[in-house]
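Remarks on the structure that follows.
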Amino acid sequence: MNIEIHLPMLIDGQPVAGDGRLSVINPATEQVIGTAPDASPDDLDRAVAAARAAFPGWAATPIEERRKALHAMADVIVAHKDELKSLLTSEQGKPHADAEGEIIGGAYWLRGTATLDLPITVQEDADGRTSETRHVPIGVVGAIAPWNFPIILAMFKIGPALLAGNTMVLKPSPFTPLTTLRVGQLVADILPPGVLNIVTGGDALGPWLTSHPGIDKVSFTGSTATGKRVMQSAASSLKRVTLELGGNDAAIVLPDVDVDAVAQDLFWAAFANSGQICIATKRMYVHEDIYDRVRDAIVAYARTVKVGDGSEQGTQLGPLNNRQQYERVLALIEDAKAQGHVFLMGGDVPETPGYFVPITILDNPPEDSRIVQEEQFGPILPLLRFRDIDDAVRRANASEYGLGGSVWASDEDKASEIARQIASGTVWINETRHLSPTTAFGGMKQSGLGVEGGVEGLLDYTNTQTLFRRGKQVSTA
């Protein structure tokens, strides 16, 4: 028997049901699994007012106490990981193992963030004058988290915002609100009322949040198109913004690579979470000397990977999360068929319940094709042949995006030389998707503004304040 889950928002430390409800769909079955509140403008006003009221006290709380709060939140998340992973799988679609990894990763991010500190820089200390620059909290942060990694990407924002002394109103995606709301219930008693508020709603809620006069900073993770609208909305009051946006990450595979050793890694670089990762490999440039071997090895491994309901034993890849993204990926597949591109596998989508797209690999489509130029955000990978490394770098950089990239080679010095030419905020050598709460992560070009992670990401949640002090003047008369 299926039991629907109905969870409240968290406003000023209290559960709030709201007047309307949103249905939440299991993407593997297309069945309703529960509901979340559909916040009204009044609900949002209450959440922002609670965050504003809590801000002075939280900002004045010693940073060591704020660190302890992040650790306590991490502890309670880990203690409930089994419950949370099942809930996450049911609303997001990813396999249980991946869902558990995300839950544990969210706790890890809070703990790692808690090790950071706000620097104080002393510029002058002589001749009776001192000057120092310090970093103070901005105020109320409006945070918007996406549906592909709803928990860990929320922690990307919660951790540094709260550590820096800000309060927050968090809006999860309407496709994946339940796990976030449950986390809100679990941590409600750890934080003072109003420090963390969680509101849920449909398409109207995001613009209400980003334009709200009581919000001082917006932190958004999502598509580039939506990120531009967020920036426009924030501009009227000069809200600070951090935008982590889309990517069309390129991998460059050099001819000296050990094909057998890296084939599985290359596959998962593109297909983990069914390709629904902003820093997944979206284009793979392979040197012509090894192209056939790499192609055959990736396809052979792909045929062993199980796609199915994330709650079933042995599933390695789940469905796409929502119908909108499912239809967009199907449109890319249909375009590739219409253009006569060669499919090495996949391309035929079964007419069954759930937003399932089979693993799809294309053989050297044209550089100007949609599947190469657009971010697919699904389980489709174009393999692309190159002869000259300078040409591969040029093609990798010929994109409006600049989020991530990777270089694969046995000669790590050569790979490093090439990696430094990639116009992306992060470049990996012989791996992908490794991030750390102590390391800055952000995009170039239209992949974002600002950074998350590391001291740099922490400082994005602060204003800079310089204090000058001049001592008493001593008379020489």
- Establish, from distance only, whether the side-chain atoms of Tyr461 and Thr242 form a donor-acceptor pair under 3.5 Å. no
query = So is Lys445 actually on top of Tyr401's ring, under 6.0 Å and inside 45° of the axis?
reply = no
| said: Tell me whether the rings of Phe156 and Trp109 are parallel (<30°), tilted (30 to 60°) or perpendicular (>60°). | reply: parallel
Worksheet item: Looking only at side chains, do Trp408 and Ser406 share a donor and an acceptor under 3.5 Å apart?
Response: yes
For Gln316, the side-chain hydrogen bond (donor to acceptor under 3.5 Å, both in side chains) test, sequence neighbours excluded, returns none
Are Lys157 and Thr221 close enough that a side-chain donor and a side-chain acceptor fall under 3.5 Å? yes
In terms of side-chain heavy atoms, does Gln446 have a donor or acceptor partner in Lys228 at a distance below 3.5 Å? yes
Are any non-hydrogen side-chain atoms of Cys278 and Glu244 less than 4.5 angstrom apart?
yes
For Gly194 and Ala54 the tightest heavy-atom approach is C-CB, 3.6 Å
Result for side-chain hydrogen bond (donor to acceptor under 3.5 Å, both in side chains) between Glu91 and one of Thr176, Asn26, Thr179 points to Thr179
Scan side-chain atoms only and decide if Thr210 and Ser233 contain a donor-acceptor pair under the 3.5 Å cut-off.
-> yes
For Arg66, is the CZ atom crowded, meaning more than 12 foreign heavy atoms sit under 6.0 Å from it?
yes
- Query: Got Val141 and Asp216 here, is their nearest side-chain heavy-atom distance under 4.5 Å?
  - Reply: no
Result for ring-ring contact (aromatic ring centres under 6.0 Å, His included) between Phe377 and one of Phe271, Tyr326, Trp147 points to Trp147
Note: Thr315 and Asp309 closest approach over all heavy atoms is OG1-O, 2.8 Å
- Answer yes if the side chains of Gln185 and Arg182 hold a donor-acceptor pair under 3.5 Å, and no otherwise. yes
